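Numbers here simply count residues along the sequence, with the first being 1. In what follows, every heavy atom counts, from backbone to side chain, and hydrogens, waters and symmetry copies are set aside. Note that the structure is a prediction, hence the values are computed from the model and not measured.
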Amino acid sequence: MGEVSRGDEVLTMRRGATAQERFWVKVEKTDTCWNWTGHRGKRGYGYFGVGPIEGQKKNWKIAIAHRVAYEWLVGPIPAGLQLDHLCRNTACVNPAHLEPVTNAENQRRGIKANKRECVNGHAFTPENTVPNSGGRGRACRACVNAAGRRYRARRRAAFAAMWVGGGSGGQATQEVAHG
């Protein structure tokens, strides 16, 4: 038997416990969210070993905890959709807080999408918002324009430093030391 501790509570897990028994012992239900207390990744999503991969004893299939809970309690996640945490708590496995949506919709609803202004305090309005160059996210038009002005000023200064006397007629003037 193995022991799993949750705060002051120590739970004993029998050898050969089912996946569901192992799963639910790692869930702490509150009035709203069902928080995953097992292993969580960098972004807060829970991970769960659902069982060995077909035909292998040692290699386990690792699944994302909220997807496991949703599939067990609601049914399969429709193809091409992903689950959005309506509660914005990535550790939550409560299927009532999960909605299948497209990737684009999930990104729109994300925490960054809810920001009302950029890091410099400019409002994210339709007139002042441009897509990021990588196609992911958005940027403030005022900040992008200011960065462009700074870049062009640096380039002009570097170019002017290459020319002595301002580069008359497009010809470089070389200083010759006469001695």
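Note: Asn89 CG to Asn35 CG = 5.0 Å, rounded to the nearest 0.5 Å.
Remark: the backbone N or O of Ala142 is paired with a side-chain donor or acceptor of Asn128 at under 3.5 angstrom. Between the Thr129 side chain and the Arg138 main chain, no donor and acceptor come within less than 3.5 Å of each other. No donor-acceptor pair under 3.5 Å is formed between the side chain of Asn120 and the backbone N or O of His122. Put simply, the side chain of Arg152 gets close to the backbone of Gly148: a donor and an acceptor are under 3.5 Å apart.
Glu21 places none of its side-chain heavy atoms less than 4.5 Å from the side chain of Val25. Inter-residue side-chain proximity for Arg22 and Phe48 is flagged as met; some heavy-atom pair is nearer than 4.5 Å. Side-chain contact check for Leu98 versus His66: some heavy-atom pair is nearer than 4.5 Å.
A pairwise comparison of heavy atoms in Ile62 and Gly49 identifies CD1-CA, 3.8 Å as the closest pair. Nearest heavy-atom pair, Val27 versus Thr37, reported as atom, atom and distance to 0.1 Å: N-OG1, 4.1 Å. Of all the heavy atoms in Val50 and Ala63, the pair that sits closest is CG1-CB, 3.9 Å.
Of the candidates Tyr45, Phe23, Tyr47, Phe23 is the only one forming a ring-ring contact (aromatic ring centres under 6.0 Å, His included) with Trp36.
Applying the ring-ring contact (aromatic ring centres under 6.0 Å, His included) rule to Phe159 yields the partners Trp163; only residues at least two apart in sequence or on another chain are considered.
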Which pairs of donor and acceptor atoms, one on a side chain in residues 67-86, lie under 3.5 Å apart (sequence neighbours left out)?
residue	atom	partner	partner atom	Å
Gln82	OE1	Asn106	ND2	2.7
Gln82	NE2	Asn103	OD1	3.4
Asp84	OD1	Arg88	NH1	3.1
Asp84	OD1	Arg88	NH2	3.3
Asp84	OD2	Arg109	NH1	2.8
His85	NE2	Cys92	O	3.1

